[in-house]
Amino acid sequence: MVKSALQIARAAYQPKLPKALLGAVKVKEGEATQSVADQEAIKKLFPNTYGMPLIQFEEGGEAVNFPAINVGVILSGGQAPGGHNVISGLFDGIKKLNKDSKLYGFLMGPGGLVDHNYIELTADIIDEYRNTGGFDIIGSGRTKLEKVEQFEKGLEIIRELGIKALVIIGGDDSNTNACVLAEYYAAKNYGVQVIGCPKTIDGDLKNEMIETSFGFDTACKTYAEVIGNIERDCNSARKYWHFIKLMGRSASHIALECALQTQPNVCIVSEEVEAKDKSLDDIVTYIAQIVADRAAAGHNFGTVLIPEGLIEFIPAMKRLIAELNDFLAAHGEEFNQVERNKQREYIISKLTPENAAIYASLPEGVARQLSLDRDPHGNVQVSLIETEKLLSEMVGNKLAAWKKEGKYVGKFAPQHHFFGYEGRCAAPSNFDADYCYALGYTASVLIANGKTGYMSSVRNLTAPAAEWIAGGIPITMMMNMERRHGEMKPVIQKALVKLDGAPFQKFAANRETWAKETAYVYPGPIQYFGPTEVCDEPTKTLQLEHQK
Ligand code: FBP
């Protein structure tokens, strides 16, 4: 395999570990824990894994001769930089316990466990992937591990390979399922431990004990680099408005972090839109006003950041989509009989007046996307909606109207971008390389101590890596009951952007200045070698959240 010069140099990087994990580890158990809400319901559903104590690892344990163990690992869901380092940390951890321990990787996500597709991860394979981006070492997938038949099918291969513990690397849903699996195997006394690891570039798997999910750092830095480049281009040519959509299925953490790093003229935060019950027109007017004000000052250029999940956070759009879903589920056949150029009018005539008015205001392409592109369950595929184009087109229309009224004089030439997949497999930053390696290594220590139903946790992340605090958090502690597909289910609470949190507050305090002035910051590419302030700085989000 041909490798780039950086890949070769990077392979030699030795990720840093918290000092507590360098030698034999002492286990400190805290108080019994409770779930964040719905304690009675969660306790009833997880009788074997509820209420377990917090675990913290400390220096100064006694060296023990540990028997060889076999461990299985699964990558679940969307790629996030650093996944390979979680696996190499886990590998090094179990090998340190006993050199005859083995690591098996299930292929293409949780489906690999159910379908018995796996490989043994040997030292040669692991060495090929140290400090690299991607999940290609074993692949990932979105199969949900939630049915008893899947658990039992998985057990067959677990038994065949003599696996004692399974590590599931995933987001909130995958870790919820890891906990259900841990509970099931514990209830059946199967003697199989299950440990979770917090992954997602979206940054929405975090709480008091999990300071950030891995991959968020690298993905945001990658997007911020390119946003900075666009800002510089924008400030050089002075003729375009760049509308940039940023990945993040529902929470706006990525958009907010990129805004803090690059100081664009506009950044929309979905959680604020929802909390203030903003309409699509409110958002369009807000952006158009900034465009008009900058034009009045002679600046016909700017940068706008838009979170991927925005549409579903606009309460009025949510209601429109819900009505469209119901209507087309019942009258899809009839709709398909209507001539293409009359379909828009047909829909408008069938919706309630409020929704009809919103639908009528949408650009043709988006209206069509809402009525045609549906997933196998008949729902609108919201993530396919090109929000960056929707907003720029509506802003353009509004500016044209203002021009006629003499309220705006200027030129508006938009450019569109969507940054998502570009950041998910980037080579992990030093932060993610270290954090992920520590998460994987911590998982091995949790396994060695017989734990199940825990998430690997590494905290104190704004301090140097040596001072990070490693341990385990009972997954049930992060759970509450939520309605999913019409049924109440135990799930890990998703962490949306908090409007009273320090990162949003910092943004809100500065956004007016950034709108008016051209206050762009150009972060440049991730650096792997060089001074620590250039190479090891954590995200602004983490830094601000820690400055309490
Ligand atoms: P996870 O929640 O599984 O980590 O995935 C995050 C994500 O990258 C979202 O930001 C994005 O909306 C989605 O995955 C895209 O999914 P897919 O990879 O299936 O296109």
Side-chain angles (χ1 to χ4, degrees), residues 74-87 108-112 133-136 138-146 168-178 196-207 210 212-224 226 244-258 269-271 305-313 369 373 375-377 379-388 417-426 428 432 435-436 439 455 478 482 484 491-497 539 541:
I74 297 174
L75 289 164
S76 180
Q79 285 71 252
H84 289 160
N85 271 28
V86 179
I87 295 180
M108 302 311 292
F135 278 5
D136 42 322
I138 48 174
S140 186
R142 290 199 185 275
T143 303
K144 287 191 187 312
L145 214 49
E146 54 189 358
I168 299 182
I169 303 170
D172 51 346
D173 285 342
S174 306
N175 274 284
T176 295
N177 294 342
C197 277
K199 170 234 71 167
T200 177
I201 61 160
D202 291 3
D204 55 7
L205 171 47
K206 65 172 172 181
N207 48 53
I210 302 294
T212 187
S213 55
F214 79 74
F216 177 70
D217 184 273
T218 310
C220 289
K221 284 173 179 163
T222 306
Y223 303 140
V226 194
I244 305 169
K245 181 169 83 170
L246 289 161
M247 219 178 218
R249 190 193 309 275
S250 51
S252 308
H253 297 292
I254 293 179
L256 180 58
E257 171 64 25
C258 290
V269 174
S270 307
E271 290 83 344
L305 305 187
I306 303 150
E308 181 183 25
L310 177 65
I311 289 291
E312 283 187 302
F313 281 78
Q369 254 165 351
D373 293 337
D375 72 10
H377 306 285
N379 294 321
V380 175
Q381 290 182 276
V382 181
S383 63
L384 293 184
I385 296 173
E386 294 172 311
T387 333
E388 67 285 19
H417 316 266
F418 169 41
F419 298 146
Y421 300 99
E422 294 84 345
R424 294 201 314 183
C425 284
D432 270 328
Y435 180 43
C436 290
L439 283 171
M455 193 182 289
M478 305 169 202
E482 286 178 22
R484 296 274 170 100
V491 292
I492 294 178
Q493 246 180 5
K494 203 181 256 312
L496 298 177
V497 168
T539 57
T541 303

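Note that ligands are numbered from 1 as they come in the structure, with each ligand's atoms numbered from 1 the same way.
Heavy atoms of Gly248 approach ligand 1 to within less than 4.0 angstrom. Contact between Gly171 and ligand 1 is absent, with no heavy atom of the residue lying under 4.0 Å from the ligand.
Where the criterion is an N or O separation shorter than 3.5 Å, residue side chain and backbone included, Arg424 meets it with respect to ligand 1. For Gly78, a nitrogen or oxygen atom sits less than 3.5 Å from a nitrogen or oxygen atom of ligand 1, counting backbone and side chain alike.
Below 4.0 Å from some heavy atom of Glu308 lie the following atoms of ligand 1, by number and element: 10 (O), 11 (C), 12 (O). Near Lys199, meaning under 4.0 Å from any of its heavy atoms, are these atoms of ligand 1: 1 (P), 3 (O), 4 (O). Proximity to Thr200 (heavy-atom distance under 4.0 Å) selects the following atoms of ligand 1: 1 (P), 2 (O), 4 (O). When each atom of ligand 1 is checked for a heavy atom of Gly77 under 4.0 Å away, the hits are 3 (O).
No more than 12 heavy-atom neighbours from other residues, nucleotides or ligands sit within 6.0 angstrom of NZ on Lys144. When the shell of 6.0 Å around CD of Glu422 is examined, it contains more than 12 heavy atoms from other residues, nucleotides or ligands.
You'll find the side chain of Ile201 reaches within 4.5 Å of the side chain of Pro81, heavy atoms only. Contact check for Ile311 versus Thr387: side-chain heavy atoms found under the 4.5 Å cut-off.
The aromatic rings of Phe418 and Tyr421 stand perpendicular to each other, their planes meeting at an angle above 60°, with 30° marking the opposite boundary.
In terms of protein heavy-atom proximity, atom 5 (O) of ligand 1 is nearest to Arg142 NH2, 3.3 Å. Shortest contact from atom 10 (O) of ligand 1 to any protein heavy atom: Asp202 OD1, 2.6 Å. Looking only at protein heavy atoms, the nearest one to atom 20 (O) of ligand 1 is Tyr421 OH, 2.6 Å.
Evaluated for a side chain to side chain contact (heavy atoms under 4.5 Å, CB included) with Phe216, the options Asp202, Leu205, Ile254, Thr200 yield exactly one hit, Ile254.
The closest donor-acceptor contact from the side chain of Gln369 to the backbone of Ile385 lies at 3.5 Å or more, if one exists at all.
With a 6.0 Å cutoff to the six-membered ring centre and a 45° limit on the axis angle, Lys199 does not count as a cation-pi contact of Phe214.
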